Student: 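Shown below is the structure under consideration.
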2 protein chains.
Amino acid sequence: MQPKTLDQFTARAAVLKALAHPSRLFMVDQLSDGPKCVADLQELVGADTSTVSKHLSVLYNANILAREKCGNQVFYSLRMACVMGFFQCVESVLSGQAQITADLVEDLK
Amino acid sequence: MQPKTLDQFTARAAVLKALAHPSRLFMVDQLSDGPKCVADLQELVGADTSTVSKHLSVLYNANILAREKCGNQVFYSLRMACVMGFFQCVESVLSGQAQITADLVEDLK
DNA sequence: TATCTATTTGGCTATTTTGCCAATTAGGCA
DNA sequence: TGCCTAATTGGCAAAATAGCCAAATAGATA
């Protein structure tokens with residue numbers, strides 16, 4: 001693989017890597033409804049605030065989310081709305097193979 | 001997050017996680033042209049055969065690739081073709097922010 | 001059968017990721 | 001100023017990932 005090609009795929013992979021976590025994916029999904037602050041998302045996800053904050057930073061650094069300070073809270077919003085279309089792609093494959101998907105989820109436990 | 005919701009996002013994240021690697025992304029890209037055997041991909045990627053084989057298994061287990069044995073070689077093909085459309089989405093985010101992307105690649109080095 | 005090729009699997013170490021707690025920073029407000 | 005809330009950062013231990021080599025497996029062919 002050429003260095004230039006490697007850089008290109010590394011950049012793409014970085015975006016996917018940022019999305020590739022259940023909690024982060026869930027937060028992206030929630031943010032497709034509109035901006036939310038850290039505390040909102042913390043309650044929805046149910047993890048420690050610091051954990052949620054770190055997940056949000058991962059998404060922000062990958063340019064998936066935008067961030068705006070408002071008073072002493074920080075609102076995150078979805079910058080990369082097209083990711084929602086990808087879920088349909090994934091869903092179309094997974095839903096067509098309920099058994100495989102179920103196995104997959106089991107394996108992951 | 002409800003258990004059912006968690007399962008759903010875990011399944012989605014598993015697909016993204018499988019894609020979230022430069023070499024695997026590159027292989028998926030190459031396979032969008034048509035099926036290839038392990039040795040073909042090994043040469044294109046330039047890693048150890050066992051490494052390539054393991055990457056292919058990751059993609060196969062995530063239902064992204066199909067696998068067919070032919071003689072003593074194994075051909076992999078793209079099962080989830082819609083992922084290619086998603087790359088355009090990723091690209092649109094990256095290309096619209098060349099500077100940020102360059103920083104990202106640098107950070108990753 | 002013996003052997004060669006293609007692929008997968010096992011095992012190992014190095015690296016990365018995750019998620020919690022504790023501590024810090026930053027912004028309101030009395 | 002002092003205090004409270006919101007969010008981030010540092011640090012740590014557990015878990016997962018990556019990639020190499022060596023070994024095993026499966027199929028073709030002499």
Side-chain angles (χ1 to χ4, degrees), chain A residues 1 6 9-10 13-28 30-31 35-62 64-77 104-109, chain B residues 1 6 9-11 13-28 30-31 35-62 64-77 104-105 107-109:
Chain A
M1 197 165 13
L6 178 61
F9 283 97
T10 301
V15 175
L16 290 165
K17 195 148 85 171
L19 288 169
H21 186 285
S23 299
R24 292 200 290 264
L25 222 38
F26 178 67
M27 292 192 285
V28 166
Q30 293 298 308
L31 289 172
K36 285 179 173 52
C37 70
V38 179
D40 292 339
L41 291 162
Q42 186 275 320
E43 191 167 2
L44 288 165
V45 171
D48 192 273
T49 306
S50 69
T51 301
V52 172
S53 176
K54 279 178 185 172
H55 279 316
L56 289 167
S57 289
V58 169
L59 291 166
Y60 175 77
N61 289 327
I64 294 162
L65 301 185
R67 164 155 76 181
E68 194 182 0
K69 199 155 199 173
C70 186
N72 62 350
Q73 48 194 358
V74 177
F75 282 83
Y76 284 89
S77 58
L104 191 63
V105 171
E106 281 307 311
D107 288 348
L108 290 165
K109 280 180 178 170
Chain B
M1 192 161 23
L6 179 60
F9 284 96
T10 301
V15 175
L16 289 165
K17 195 148 85 169
L19 288 170
H21 186 286
S23 299
R24 292 200 290 265
L25 223 39
F26 178 67
M27 292 193 285
V28 166
Q30 293 297 309
L31 289 171
K36 287 180 173 47
C37 69
V38 179
D40 293 338
L41 292 163
Q42 186 275 321
E43 191 167 3
L44 288 165
V45 171
D48 192 272
T49 307
S50 69
T51 300
V52 172
S53 176
K54 278 177 185 173
H55 279 315
L56 289 167
S57 289
V58 169
L59 291 166
Y60 175 79
N61 288 328
I64 295 163
L65 301 185
R67 165 154 75 182
E68 193 183 359
K69 199 154 200 175
C70 187
N72 62 351
Q73 48 193 0
V74 178
F75 282 83
Y76 284 89
S77 58
L104 191 65
V105 171
D107 288 350
L108 290 164
K109 281 180 177 170

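Just so it is clear, the structure is predicted and the values come from calculations on it, not from any experiment. Here is how names work: the chains are called A, B, and so on, in the same order as the sequence lines, proteins then strands, and each is numbered from 1.
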Student: Using whole Å, report how far NE2 of B/His21 lies from C1' of D/dA16.
Tutor: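 It works out to 13 Å between those atoms.
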Student: D/dT5 C1' sits how many Å from A/Phe75 CZ, rounded?
Tutor: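 To the nearest whole Å, that distance equals 14 Å.
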Student: To the nearest Å, give me how far apart CD (B/Gln42) and P (C/dT5) are.
Tutor: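 Rounding to the nearest Å, CD of B/Gln42 and P of C/dT5 are 15 Å apart.
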Student: Below 30° counts as parallel, above 60° as perpendicular, anything between as tilted: where do the rings of B/His55 and B/His21 land?
Tutor: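 Ring orientation of B/His55 relative to B/His21: tilted.
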Student: Test side-chain contact (heavy atoms from CB on, under 4.5 Å) on A/Leu56 and A/Arg67 and set out the steps.
Tutor: CA-CA 9 Å; A/Leu56 289 167; A/Arg67 164 155 76 181; over 6 Å; no
Student: For the pair made of CD in A/Glu43 and C1' in D/dT5, what is the distance, rounded to whole Å?
Tutor: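 So the two atoms are 15 Å apart, to the nearest Å.
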Student: Look at the side chain of A/Lys69 against the base of C/dG28 and say whether a donor-acceptor pair falls under 3.5 Å; ignore hydrogens and angles.
Tutor: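 Counting by modelled atom types and ignoring angles, no donor-acceptor contact under 3.5 Å is found here.
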Student: Looking at C/dT8, I'd like to know if its phosphate oxygens (OP1 or OP2) sit under 4.0 Å from a side-chain N or O belonging to B/Ser50.
Tutor: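 For B/Ser50, the contact criterion (side-chain N or O under 4.0 Å from OP1 or OP2 of C/dT8) is not met.
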Student: DNA chain C: A/Lys54 or B/Cys37, which has the more 5' nearest nucleotide?
Tutor: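 Looking at the nearest nucleotide for each, B/Cys37 comes out on the 5' side.
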Student: Output the distance between atom CG (B/Leu59) and atom CG (B/Leu19), rounded to the nearest 0.5 Å.
Tutor: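 If I round to the nearest 0.5 Å, the distance is 6.5 Å.
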Student: Looking only at atom types and distance, does a side-chain atom of B/Gln42 sit under 3.5 Å from a main-chain N or O of B/Ala47, one as donor and one as acceptor?
Tutor: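 Judged by distance alone, yes, a pair lies under 3.5 Å.
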Student: If I take atom NE2 in residue A/His55 and atom P in nucleotide C/dT18, what distance separates them, rounded to the nearest angstrom?
Tutor: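 Rounding to the nearest Å, NE2 of A/His55 and P of C/dT18 are 6 Å apart.
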Student: How many whole angstroms separate atom OH of B/Tyr60 from atom C1' of C/dT8?
Tutor: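 My rounded result for the distance is 14 Å.
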Student: Between B/Val52, B/Asp40, B/Leu65, B/Leu44, which is the residue that forms a side-chain contact (heavy atoms from CB on, under 4.5 Å) with B/Met27?
Tutor: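 When side-chain contact (heavy atoms from CB on, under 4.5 Å) is applied between B/Met27 and each of B/Val52, B/Asp40, B/Leu65, B/Leu44, only B/Val52 qualifies.
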Student: For A/Tyr76, which contact category applies under a 4.0 Å heavy-atom criterion: base, sugar-phosphate, or nothing?
Tutor: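 Contact class for A/Tyr76: sugar-phosphate only.
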Student: Grab the CG-C1' distance between A/Leu56 and C/dT18 for me, whole Å please.
Tutor: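 One finds 15 Å between C1' of C/dT18 and CG of A/Leu56, rounded.
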Student: At less than 4.0 Å, is any side-chain N or O atom of B/Ser53 found next to OP1 or OP2 of C/dT8? Yes or no.
Tutor: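 For C/dT8, OP1 or OP2 has a side-chain N or O of B/Ser53 closer than 4.0 Å.
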Student: Are A/Lys17 and C/dT17 close enough that a side-chain N or O sits under 4.0 Å from OP1 or OP2?
Tutor: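 Affirmative; the distance criterion is met.
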Student: Could you state the CG-P distance from B/Leu16 to C/dT17, rounded to the nearest angstrom?
Tutor: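 Distance, rounded to whole Å: 16 Å.
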Student: Counting distance alone, no hydrogens or angles: does the base of C/dT7 have a donor or acceptor under 3.5 Å from a partner atom on the side chain of B/Asn72?
Tutor: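 Such a pair does not exist between side chain and base.
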Student: C/dA6, OP1 or OP2 - any side-chain N/O from B/Arg67 closer than 4.0 Å?
Tutor: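 So the side-chain polar atoms of B/Arg67 never come under 4.0 Å of the phosphate oxygens OP1 or OP2 of C/dA6.
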Student: Taking for each residue the nucleotide of DNA chain C with the nearest heavy atom, is it A/Cys70 or B/Thr49 whose nucleotide lies nearer the 5' end?
Tutor: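 Going by which nucleotide is closer to the 5' end, it is B/Thr49.
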